[in-house]
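For reference, the structure is listed below as structure tokens.
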Amino acid sequence: MRRTEVSIDLAALRHNLQTLREAAPSSRIMAAIKANGYGHGLQRVAHTLNNVDALGVACVEEAITLREAGITTPITLLEGFFHADELPLITRHGLEMVIHHARQIDILEQQSLSTTLRVWLKVDTGMHRLGVPAEGARLQWQRLSAITNIEVIGLMTHLANADDLSDPKTEQQLALFADCCGDLPGERTIANSAALLGWPESHADWNRPGISLYGVSPFLNGRGEQHNLRPVMTLRSELIAINQLKKGDAIGYGGSWHCPEDMAVGVVAVGYGDGYPRHAQSGTPVLISGKRVSLIGRVSMDMITVDLRGLPDARVGDEVVLWGEGLPVEEIAEYASTIPYELLCGVTGRVQIVEKGK
Ligand SMILES: *Cc1c(COP(=O)(O)O)cnc(C)c1O
């Protein structure tokens, strides 16, 4: 059997939730678990975080999957409804949702809701993606509040640049949010992971961490361990061949990497067909039996090649870690010119999943 697997460390997930609670002790936590729990398994993450205050997902399908799996934690649809025909499902499953656009309010005004629907109003303070314009927030809040059976939980905004602690935009967004809705009643929620860990002034009734729950730093060039976070996902495989090659031999498709001397090259059973990034450069670290070696040549669909000059004792069958325990996914993302979020979400269905730390 091909031994390419991800292990999901449930104890690390629980530890990270506790770390985030301690970092913002007066706030409740809405855990962002959209996109299959950032690739860790939607139900698995929800069951493990059974003591979190709420869960945030991207769509009603994700929410219903959770309800059908017996999850009773409050669930918020972070983008609200896309089409009016979702509303009966949303009320039936008792989902809460974010209203981000006047068009959604138009639709709600035309419905007759049979039971109470709890909603957040999202305000655009500078992200310029979702949210009603800050200057119109009061008007939209009044419209929503006037609808029978709509209960406005409170106000929400999302920060665009909180991952950069030197960027003045975060303070501008916080000031605009306070300014446009300071005296409106209800709860407030602002912070993603970066704001929770780096901008204490953004802490509100609720914070909404995602990536940090999975043990990953939200900051540019950051590492989870700097914040007492532990990696939840580890991607592993094994060494399936070791070849003694000659000086000048070209490795893999396109032959872009040439052996600078006679040397051993290892082949590892992982590739972009598993979610390992095709754009990882030569030099990307790979951990074999706990020691770092370098990726060389192009990433194939099912395999990568590694420089074994520093590892004379390497044997076929040795365990290989691509990211996770001992090798931060943040570092792999830098070598692949992407972000850890994309790597975690991108592990494909053929990779076996094992759980630890139950
Ligand atoms: C995904 C998401 C978050 C979590 O962001 P992280 O950077 O992963 O902490 C917070 N708020 C909203 C609205 C989101 O969609």
Side-chain angles (χ1 to χ4, degrees), residues 4-20 23 31-32 35-41 45 48 162-165 192-198 209-238 268 270-272 274-296 299 304 306-307 310-311 318-348 351 353-357:
T4 309
E5 62 171 48
V6 282
S7 69
I8 305 294
D9 185 346
L10 306 179
L13 188 56
R14 290 189 296 266
H15 164 88
N16 297 336
L17 175 61
Q18 187 54 31
T19 294
L20 296 172
N36 195 29
Y38 287 44
H40 296 69
V45 172
T48 306
D163 59 334
D164 181 351
L165 295 175
N192 56 5
S193 295
L196 194 164
L197 291 167
I211 196 74
S212 52
L213 282 167
Y214 309 100
V216 175
S217 169
F219 298 109
L220 299 172
N221 305 313
R223 298 289 181 265
E225 67 177 4
Q226 296 163 339
H227 305 281
N228 184 27
L229 299 170
R230 284 165 38 194
V232 177
M233 178 193 289
T234 298
L235 177 62
R236 287 194 179 77
S237 186
E238 67 176 340
V268 179
V270 73
Y272 62 80
D274 304 295
Y276 191 82
R278 203 184 79 83
H279 295 289
Q281 312 164 25
S282 289
T284 304
V286 171
L287 214 55
I288 302 187
S289 305
K291 295 210 187 69
R292 280 177 177 238
V293 300
S294 290
L295 173 80
I296 54 178
V299 173
I304 59 171
V306 294
D307 177 350
L311 210 59
D318 282 355
E319 184 193 86
V320 179
V321 169
L322 288 315
W323 67 65
E325 286 167 34
L327 187 59
V329 68
E330 295 93 321
E331 197 174 340
I332 307 306
E334 287 162 15
Y335 277 96
S337 309
T338 183
I339 52 174
Y341 299 72
E342 188 183 31
L343 298 182
L344 298 180
C345 287
V347 174
T348 65
V351 178
I353 299 171
V354 293
E355 292 180 351
K356 60 178 270 193

Listing, residues 282-289 side-chain donor-acceptor contacts under 3.5 Å, not counting sequence neighbours, or none:
| from | atom 1 | to | atom 2 | distance (Å) |
| --- | --- | --- | --- | --- |
| Ser282 | OG | Gly297 | N | 3.1 |
| Thr284 | OG1 | Gln281 | N | 3.3 |
| Thr284 | OG1 | Gln281 | O | 2.5 |

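Take Ser212 and apply the side chain to side chain donor-acceptor pair (under 3.5 Å) test, not counting sequence neighbours, and it matches Ser193. Scanning for side chain to side chain donor-acceptor pair (under 3.5 Å) contacts around Glu355 gives Arg44, Lys358, with sequence neighbours left out. Here Tyr214 pairs with Tyr38, His40 under the ring pair (Phe, Tyr, Trp, His ring centres under 6.0 Å) rule; sequence neighbours left out. Partners of Ala35 under the side chain to side chain contact (heavy atoms under 4.5 Å, CB included) rule, at least two apart in sequence or in another chain, are Cys345. Residues passing the side chain to side chain contact (heavy atoms under 4.5 Å, CB included) test with Asp9 are Ala11, Ala12, Arg230, Glu325, Lys356, sequence neighbours excluded. Legend: residues meeting ring pair (Phe, Tyr, Trp, His ring centres under 6.0 Å) with Phe219, ordered by chain and number and at least two apart, are His227. In this view, Asp307 and Arg309 satisfy the salt bridge (Lys or Arg N to Asp or Glu O under 4.0 Å) rule, not counting sequence neighbours. With sequence neighbours left out, Ser237 forms a side chain to side chain donor-acceptor pair (under 3.5 Å) with Thr4. With sequence neighbours excluded, no residue satisfies side chain to side chain donor-acceptor pair (under 3.5 Å) with Thr234.
Within the structure, every pair that satisfies the side chain to side chain donor-acceptor pair (under 3.5 Å) test and touches residues 328-343, not counting sequence neighbours, is listed here: Arg223-Glu334, Arg292-Glu331, Thr338-Glu342. Counting only residues at least two apart or on different chains, the salt bridge (charged side-chain N to carboxylate O under 4.0 Å, His left out) pairs with a member in residues 274-286 are Arg2-Asp274, Asp274-Arg350.
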